[in-house]
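Just so it is clear: chains get the letters A, B, ... in the order the sequence lines come, proteins before strands, and each one is counted from 1.
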4 protein chains.
Amino acid sequence: MKKNKPKYMQIIDAAVVVIAENGYHSAQVSKIAKQAGVADGTIYLYFKNKEDILISLFQEKMGNFVEKIEEKIAGKDTAAEKLLMMVEAHFRMLSKDRHLAIVTQLELRQSNKDLRLKINEVLKGYLKVIDDILIEGKENGEFSSTLDIRLARQMIFGTMDETVTSWVMNEQKYDLTALSSSVHHLLLNGCKG
Amino acid sequence: MKKNKPKYMQIIDAAVVVIAENGYHSAQVSKIAKQAGVADGTIYLYFKNKEDILISLFQEKMGNFVEKIEEKIAGKDTAAEKLLMMVEAHFRMLSKDRHLAIVTQLELRQSNKDLRLKINEVLKGYLKVIDDILIEGKENGEFSSTLDIRLARQMIFGTMDETVTSWVMNEQKYDLTALSSSVHHLLLNGCKG
Amino acid sequence: MKKNKPKYMQIIDAAVVVIAENGYHSAQVSKIAKQAGVADGTIYLYFKNKEDILISLFQEKMGNFVEKIEEKIAGKDTAAEKLLMMVEAHFRMLSKDRHLAIVTQLELRQSNKDLRLKINEVLKGYLKVIDDILIEGKENGEFSSTLDIRLARQMIFGTMDETVTSWVMNEQKYDLTALSSSVHHLLLNGCKG
Amino acid sequence: MKKNKPKYMQIIDAAVVVIAENGYHSAQVSKIAKQAGVADGTIYLYFKNKEDILISLFQEKMGNFVEKIEEKIAGKDTAAEKLLMMVEAHFRMLSKDRHLAIVTQLELRQSNKDLRLKINEVLKGYLKVIDDILIEGKENGEFSSTLDIRLARQMIFGTMDETVTSWVMNEQKYDLTALSSSVHHLLLNGCKG
DNA sequence: AATGAATGAGTGTTCATTCAT
DNA sequence: GATGAATGAACACTCATTCAT
């Protein structure tokens with residue numbers, strides 16, 4: 001499997017650094033190769049093309065993301081608690097990796113529609129986690145019985161995403177994780193009503 | 001004034017069509033000129049360069065957007081009603097112009113960071129409208145006295161944006177405006193809590 | 001006749017200024033029109049095309065040049081004296097019009113081969129003046145009887161031209177006319193030998 | 001070293017041919033690439049940009065020029081002999097490479113001021129050779145003790161240059177090298193006086 | 001497996017010239 | 001005669017991908 005080859009992750013990590021520091025449009029394959037310490041041609045032994053690097057990047061980093069969030073919420077009893085854990089984990093993980101935050105919130109959004117559709121495929125795993133929390137909340141009476149799952153999910157994801165993007169665009173000047181509780185409060189009210 | 005020169009809007013409208021139908025990266029200046037029925041060089045009598053077309057496009061269309069929303073909410077007495085009017089107007093206007101929806105939700109986001117920063121400048125007018133509603137709601141007791149304006153604004157904008165983007169990505173298959181009331185309900189609860 | 005129309009010379013003088021200050025390749029027709037205080041299209045009422053402006057410029061200014069030199073040497077008895085008068089007049093006239101010096105020595109040489117061939121046609125009048133001096137000098141024994149007129153003319157013109165070009169390239173920092181006597185001395189020795 | 005990469009000289013030689021046959025302004029990069037038998041992009045592996053090709057062309061060809069002239073005059077005892085060797089070598093080398101003669105005498109002079117300034121830098125090596133001959137001649141009494149080195153240099157270079165340019169403009173119809181002796185004679189007289 | 005030299009398709013912008021008013 | 005808005009041809013350079021070694 002690809003992942004077991006050390007150069008695979010080496011190239012993905014190089015891509016994160018190069019894209020974060022140079023921007024999406026200045027992230028040439030040759031720059032990524034140089035950062036990874038391999039020849040240009042070597043990239044193509046591990047990835048089909050440039051787009052494949054970016055999709056793989058997102059898959060590896062977001063797959064990791066979903067796994068960690070699932071761990072965090074596993075032991076919690078209420079949907080409200082799970083929602084809090086999720087917001088906290090989401091904000092904490094992006095806070096910890098400044099390069100990754102820039103890449104996912106700003107740079108990768110400059111990719112074309114095709115790539116973004118594939119990224120959305122990857123995101124579905126995350127949206128599933130949100131949906132599961134919402135369903136649990138509806139079933140156990142924490143959330144409104146009339147709650148529209150899809151809309152609530154869009155509110156939750158849209159709000160977290162907009163919050164992180166604002167933070168990145170403000171050059172990560174303030175503490176993102178400190179906002180978890182307030183954001184959770186807002187979202188919870190939305191779902192309860 | 002620029003707007004009085006017919007070719008100015010003619011070129012902007014052509015840009016919307018070309019970008020929506022071909023995608024941001026395939027929207028060559030020559031294609032826009034052809035769609036607008038003018039020579040390539042004529043573009044440069046009205047715009048400094050290609051980026052200027054896109055910024056102007058956003059300014060003209062979003063300026064219009066903010067004006068219309070302000071009209072709609074002008075006569076309303078409560079922040080809740082104003083919020084509803086805004087969500088409805090936002091959804092209705094993008095529903096009516098399918099091309100513009102594609103351009104603002106998907107294609108223009110592929111632009112580089114510089115362009116996006118300028119787009120954000122334009123968006124500030126919109127965010128101001130949201131803030132005014134939130135402040136009014138806090139002052140007259142409709143909304144929680146502890147509501148964080150910035151976060152609430154990010155929730156409102158993030159939710160509407162995510163909802164519209166999902167609708168566009170689903171190829172505008174369902175009625176977006178029909179969601180206004182539910183989205184309004186969600187957001188209102190968020191602000192009240 | 002063209003010359004009697006005031007705008008004709010107005011445009012030529014504008015061209016000298018624009019070319020001297022902006023360089024040959026930045027001397028767009030629209031800039032010349034603006035400097036001359038006329039509309040772009042008006043240029044084409046007086047000149048066939050852009051090249052025609054430049055040829056006319058050279059004809060008007062160099063025609064003037066040859067006339068003045070002929071006046072200066074008219075009363076002189078010896079070829080040596082005439083040669084001195086010519087060198088002095090050549091240097092003095094270019095010293096007096098800094099813009100024209102830049103245009104003839106640097107900028108107009110960037111024109112294409114066709115234009116330069118036409119400029120050479122104009123120069124023939126000047127070369128004829130030189131030849132006449134040389135012939136007179138050979139006939140009256142001032143110069144060597146074996147003097148090759150063509151080569152001597154190339155030496156005289158080449159030397160004066162190189163001297164003026166060096167002076168222009170040194171940003172006209174020293175007094176060009178002060179060199180007349182030394183240059184004359186050099187050339188005279190060449191012809192006598 | 002650049003010169004050891006065969007494609008480097010291959011491209012420069014192609015540029016000489018293309019510029020001589022098509023003229024400076026019609027010498028597109030793609031034409032040079034085609035003539036050199038490489039892809040357009042390959043040009044940019046060896047040269048920074050189009051201007052860099054032209055500067056390098058001049059450096060390679062003129063550097064060679066200066067070296068050869070220095071060899072020729074090395075064994076000569078008098079300044080007069082050295083001057084003759086130089087004129088002969090100058091004429092002979094340009095006679096042998098008709099394309100190069102067209103490029104240096106006509107086409108490259110159409111380049112912009114920046115390029116011409118860089119070309120002048122290269123020429124300084126040649127002017128140094130002339131100056132050394134002049135100084136030697138003054139010191140050993142061959143030339144006038146009052147000879148102005150700078151003016152004499154301008155006469156020598158200006159005369160040779162004008163002679164070659166006339167020859168090129170006359171489509172190289174006569175034997176340039178046959179003029180060496182007469183030109184040398186003229187210049188020598190100039191310096192002696 | 002790894003290399004890196006070579007490839008070549010693709011596009012924003014300028015500006016001399018025209019012509020309807 | 002004078003205008004100036006409109007035209008459209010023309011070209012340097014980048015960079016993802018290949019393939020001989």
Side-chain angles (χ1 to χ4, degrees), chain A residues 5-8 10-11 25-34 36-54, chain B residues 5-8 10-11 25-34 36-54, chain C residues 5-8 10-11 25-34 36-54, chain D residues 5-8 10-11 25-34 36-54:
Chain A
K5 311 217 176 173
K7 295 201 175 165
Y8 175 80
Q10 201 171 319
I11 291 165
H25 284 111
S26 299
Q28 295 88 343
V29 171
S30 61
K31 242 180 220 165
I32 296 174
K34 198 174 182 185
V38 301
D40 294 16
T42 305
I43 300 269
Y44 292 87
L45 298 175
Y46 295 92
F47 300 91
K48 212 168 75 233
N49 51 34
K50 188 180 178 181
E51 193 180 55
D52 189 29
I53 306 176
L54 305 175
Chain B
K5 306 211 176 182
K7 299 210 170 158
Y8 176 78
Q10 200 172 321
I11 291 165
H25 285 111
S26 299
Q28 295 91 337
V29 171
S30 60
K31 247 181 217 164
I32 295 173
K34 200 173 178 184
V38 301
D40 292 17
T42 305
I43 300 269
Y44 292 87
L45 297 177
Y46 296 91
F47 301 92
K48 220 170 63 234
N49 50 34
K50 187 180 177 180
E51 192 181 54
D52 190 28
I53 306 175
L54 305 175
Chain C
K5 311 217 175 177
K7 295 201 175 164
Y8 176 79
Q10 201 171 318
I11 291 166
H25 285 111
S26 299
Q28 295 87 343
V29 171
S30 61
K31 243 181 218 163
I32 296 173
K34 199 174 180 184
V38 300
D40 293 16
T42 305
I43 300 267
Y44 292 87
L45 299 176
Y46 296 91
F47 300 91
K48 213 169 73 235
N49 51 33
K50 187 180 178 181
E51 193 179 55
D52 189 29
I53 306 175
L54 305 175
Chain D
K5 305 210 176 182
K7 299 211 169 156
Y8 175 79
Q10 199 172 321
I11 291 165
H25 285 111
S26 300
Q28 295 90 337
V29 171
S30 60
K31 247 181 216 164
I32 296 174
K34 199 172 179 185
V38 301
D40 292 17
T42 305
I43 299 268
Y44 294 88
L45 297 177
Y46 296 91
F47 301 91
K48 219 169 63 234
N49 49 36
K50 188 179 176 181
E51 191 180 56
D52 190 29
I53 305 175
L54 305 176

- line: Rounded to whole Å, OH of C/Y8 lies from P of F/dA2 at a distance of 16 Å

Per D/T42 side chain, nearest of listed nucleotides E/dA2, E/dT7, F/dG1: E/dT7

message: Output the rounded distance in Å from NE2 (A/H25) to P (F/dC15).
response: 11 Å

query: Of all the choices, E/dA16, F/dT17, F/dT7, which nucleotide is nearest to the side chain of A/K50 once you look at every atom?
result: F/dT17

Euclidean distance, A/F47 CZ relative to A/L54 CG, rounded to 0.5 Å: 9.5 Å

field: B/Q28 side chain to B/K31 side chain, donor-acceptor N/O pair below 3.5 angstrom
entry: yes

field: Shortest side-chain distance from C/V38, nucleotide among F/dA6, F/dT3, F/dG1
entry: F/dT3

message: Does B/V29 reach a base, just sugar-phosphate, or nothing at all? Heavy atoms under 4.0 Å.
response: base

- prompt: Rounded to the nearest 0.5 Å, how far apart are OH of B/Y44 and CG of B/D40?
  reply: 8.0 Å

- line: Partner of E/dT14 under the Watson-Crick or G-U wobble criteria, both distances under 3.5 Å, comes out as F/dA9

Distance in Å, D/T42 OG1 paired with D/Q10 CD, rounded so as to fall on 0.5 Å steps: 10.0 Å

statement: Atom NZ of B/K7 and atom C1' of F/dT7 are separated, to the nearest Å, by 10 Å

- prompt: Hey, which of these two, D/I43 or A/I43, hits DNA chain E nearer its 5' end, going by closest nucleotide?
  reply: A/I43

- request: Counting heavy atoms from C-beta on, name the nucleotide in E/dT3, F/dT3, E/dT13 closest to the side chain of B/N49.
  value: E/dT13

- request: Look only at the side chain of B/K50 and the backbone of B/A27, and say whether a donor-acceptor pair between them is shorter than 3.5 Å.
  value: yes

statement: In whole angstroms, the gap separating P of F/dA10 from NZ of D/K31 amounts to 11 Å

task: Nearest 0.5 Å please: distance from the CD1 atom of A/I53 over to the CD1 atom of A/I11.
output: 7.0 Å

- request: Check the distance between E/dA16's P and C/I53's CD1 and give it to me in whole angstrom.
  value: 9 Å

Minimum-distance nucleotide (side-chain atoms of C/Y46 versus F/dG1, E/dT7, E/dG12): F/dG1

query: Among E/dA2, E/dT7, F/dA5, which is the nearest nucleotide to the side chain of B/L45?
result: F/dA5

- request: Name the residue closer to the 5' end of DNA chain F, choosing between B/G41 and D/Y44 according to the nucleotide with the nearest heavy atom.
  value: B/G41

- request: Report the distance from atom CZ of A/F47 to atom P of F/dT18, rounded to the nearest whole Å.
  value: 16 Å

query: Of D/A27 and C/D40, whose closest DNA chain F nucleotide lies nearer the 5' terminus?
result: C/D40

task: For C/Q28 and E/dT17, give me the distance from atom CD to atom P, rounded to whole Å.
output: 13 Å

message: Return whichever of D/G37 or C/S26 has its heavy-atom-nearest nucleotide of DNA chain E closer to the 5' end.
response: D/G37

query: Which is true for B/K48 with a 4.0 Å heavy-atom rule: it touches a base, it touches only sugar-phosphate, or it touches nothing?
result: nothing

task: Could you please name the partner base of F/dT21, counting Watson-Crick and G-U wobble pairs only when both distances are under 3.5 Å?
output: E/dA2

- prompt: Just how far, in rounded Å, is P of E/dA2 from CD1 of A/I11?
  reply: 9 Å

